[in-house]
Amino acid sequence: MPKWLDQLASDVRGKVSKAPLPDDVNPMLATLTDNHFSHPDWLFERKLDGERCLAFHDGTSTRLYSRKPKSLDATYPDIRDPLATHERSFVVDGEIVAFEGKTTSFSRLQKRMQIKNEAEARQSGIKVYYYVFDLLYLDGYDITALPLRERKRLLEESLRFEAPLRYTQHRNETGEDYLKEACQKGWEGLIAKDAQAGYRKGRSKKWLKFKCVNQQEMVVVGYTDPEGERTGFGALLLGFYEGKQLHYAGRVGTGFDERELKDLHERLRALEQDEPPVVDAAKAKSKGVHWVEPTLVAEIGFTEWTDDNRLRHPRYLGLRDDKSPKDVIKEEPGART
DNA sequence: TTCCGACAGTGGGGTCGCAAT
DNA sequence: ATTGCGACCCCACTATCGGAA
């Protein structure tokens with residue numbers, strides 16, 4: 001019996017069972033919530049903007065998998081190497097990230113993500129880090145039923161966190177204060193985790209996403225045709241003013257219920273015009289696009305502006321009748337909680 | 001009976017590779 | 001040479017249905 005198992009408190013030792021190294025990939029996923037809280041039984045980790053990765057190590061060789069699951073061995077050999085030097089068997093869960101300065105950059109990671117050749121990956125010049133946040137299996141034992149605190153303690157003790165491997169630190173209890181700090185630092189948000197809970201496959205409420213929200217008004221400059229069973233329209237085309245010029249800012253296609261799809265579509269149809277109201281209409285693909293007179297203002301939630309001046313992860317929150325389109329400009333966050 | 005979790009379907013930005021234009 | 005499209009990454013959200021509470 002391994003030493004760590006012998007040292008486990010008697011009330012949790014029964015939750016550990018001998019098992020062969022698992023090979024199924026089905027990671028635990030967090031649920032998004034606006035209900036931010038602090039609680040002594042919860043811990044809070046930085047939410048990293050990268051690619052999810054599970055690593056399976058049998059004591060000799062290591063396999064990396066994405067969430068899908070697809071093998072990531074050829075993409076991140078520089079992550080696999082340091083894991084493969086360990087003598088113990090384990091399964092860990094974490095996030096692979098790339099940095100742009102001090103903050104993680106998903107767009108930078110994407111260039112690395114596409115590489116499917118080891119040699120090419122190694123000389124890509126895009127340095128990546130593996131932030132490990134959970135341990136599911138150790139030395140021949142399935143430990144997914146152990147409380148998270150125990151799993152994280154064992155994780156920190158059991159792996160050598162050097163070079164691109166990093167242990168994901170957490171803060172206890174104070175979720176709200178930590179989120180405030182996180183947003184000021186320009187992080188994407190936090191993951192709140194029930195410290196007593198076991199590791200479960202799939203979406204769970206034992207893990208919650210606290211995101212730093214961005215939202216602002218955008219001018220509605222057009223809409224697209226619906227597809228499939230969709231009623232009304234597909235997405236709204238959005239814009240903002242820079243001086244007297246209206247610029248295209250991408251689309252939003254979610255957040256509407258059936259009624260809003262129908263009502264908004266009727267209003268938009270009445271505003272339709274041939275000429276695009278934006279100066280950079282070429283950025284919007286023309287297929288199925290209808291331009292409208294820019295008189296409506298919508299409140300949009302999103303995570304960040306992309307390099308191409310579009311909204312990332314946009315969702316429609318409602319119309320703003322109190323705001324004049326001319327006052328809609330690109331607001332640089334200032335992320336709020 | 002009501003509520004919740006899982007799933008399907010529709011929508012977004014971005015990257016890359018490859019086929020059609 | 002340019003454009004379009006699918007496959008993966010990251011997602012948000014609505015509607016529905018069956019089982020848990």
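Lettering follows sequence order; numbering is per chain, from 1. Quick note: numbers below take in every heavy atom, side chains included, and nothing from hydrogens, waters or symmetry partners. Not measured: the values here are computed from a predicted model.
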Quiz item: Relative to the ring of His247(A), is the ring of Phe240(A) parallel (under 30°), tilted (30 to 60°) or perpendicular (over 60°)?
Solution: parallel
Exercise. Measure up the His290(A) and Tyr223(A) rings against each other and bin them: parallel (under 30°), tilted (30 to 60°), perpendicular (over 60°).
Key: parallel
Self-check item: Lys NZ or Arg CZ of Lys152(A) over Tyr167(A) ring: under 6.0 Å, within 45°
Solution: yes
Exercise. Would you classify Gly50(A) as touching base, sugar-phosphate or nothing, given that sugar-phosphate means primed atoms plus P, OP1 and OP2, and contacts are heavy atoms under 4.0 Å?
Key: sugar-phosphate
Exercise. Walking along DNA chain B from 5' to 3', note the first and the last nucleotide with an atom under 4.0 Å from a heavy atom of chain A, and give both.
Key: dG5(B) to dC16(B)
Quiz item: CG of Leu48(A) versus C1' of dC11(C): gap in Å, rounded?
Solution: 16 Å
Exercise. Please work out which of the three classes, parallel, tilted or perpendicular, describes the rings of Phe56(A) and Tyr65(A), given edges at 30° and 60°.
Key: perpendicular
Quiz item: More 5' along DNA chain C: Thr254(A) or Arg312(A), using each one's nearest nucleotide?
Solution: Arg312(A)
Quiz item: dT2(C) phosphate, OP1 or OP2: any side-chain N/O from Lys285(A) under 4.0 angstrom?
Solution: no
Quiz item: Nearest to the side chain of Glu258(A), which nucleotide is it out of dC11(C), dC13(C), dA15(C)?
Solution: dA15(C)
Quiz item: At under 4.0 Å between heavy atoms, what does Asp308(A) touch on the DNA or RNA strands: base, sugar-phosphate, or nothing?
Solution: sugar-phosphate
Quiz item: Just checking Ile115(A): base, sugar-phosphate only, or nothing, at a heavy-atom cut-off of under 4.0 Å?
Solution: nothing
Exercise. Taking only the side-chain nitrogens and oxygens of Lys70(A), find out if one of them lies under 4.0 Å from OP1 or OP2 of dC8(C).
Key: yes
Quiz item: When you measure from the side chain of Arg63(A) to the backbone N and O of Asp73(A), does any donor-acceptor pair fall under 3.5 Å?
Solution: no
Quiz item: Between Phe233(A) and Phe256(A), does a ring-ring contact (aromatic ring centres under 6.0 Å, His included) hold up when you go through it step by step?
Solution: CA-CA 10 Å; Phe233(A) 60 92; Phe256(A) 322 95; 5.0 Å; yes
Self-check item: Donor-acceptor pair between Thr303(A) and Glu188(A) side chains, under 3.5 angstrom
Solution: no
Quiz prompt | Ser66(A) side chain near dC9(C) phosphate (N/O to OP1/OP2, under 4.0 Å) | solution = yes
Quiz item: With sugar-phosphate meaning primed atoms plus P, OP1 and OP2, does Lys283(A) contact a base, only sugar-phosphate, or nothing at under 4.0 Å between heavy atoms?
Solution: nothing
Self-check item: Whole-Å gap separating P (dC10(C)) and NZ (Lys211(A))
Solution: 12 Å
Exercise. Mind calculating the distance between CZ (Arg230(A)) and P (dT14(C)) to the nearest angstrom?
Key: 10 Å
Exercise. Looking at every strand, decide which applies to Tyr316(A) at a 4.0 Å heavy-atom threshold: base, sugar-phosphate, or nothing.
Key: nothing
Quiz item: How would you label the contact of Lys47(A) with the nucleic acid (heavy atoms, under 4.0 Å): base, sugar-phosphate, or nothing?
Solution: sugar-phosphate
Self-check item: 5′-ward residue of the pair Pro226(A)/Glu120(A) relative to DNA chain B
Solution: Pro226(A)
Practice problem: Round to the nearest Å and state the distance from Leu29(A) atom CG to dA12(C) atom C1'. | Solution: 14 Å
Quiz item: Taking for each residue the nucleotide of DNA chain C bearing the nearest heavy atom, is the 5' side occupied by Glu51(A) or by Leu32(A)?
Solution: Glu51(A)
Self-check item: d(CD, Gln110(A); P, dC9(C)) in whole Å
Solution: 11 Å
Quiz item: Arg259(A) near the nucleic acid: base, sugar-phosphate alone, or nothing, with a heavy-atom cut-off under 4.0 Å?
Solution: nothing
Practice problem: Mind calculating the distance between CD (Gln215(A)) and P (dA12(C)) to the nearest angstrom? | Solution: 15 Å
Practice problem: Report the distance from atom CZ of Arg203(A) to atom P of dC11(C), rounded to the nearest whole Å. | Solution: 8 Å
Quiz prompt | Watson-Crick/G-U partner (both atom distances under 3.5 Å) of dA8(B) | solution = dT14(C)
Exercise. State whether a side-chain donor-acceptor pair under 3.5 Å links Arg149(A) with Asn172(A).
Key: yes
Quiz prompt | Value in whole Å for how far the P atom of dC9(C) lies from OH of Tyr65(A) | solution = 13 Å
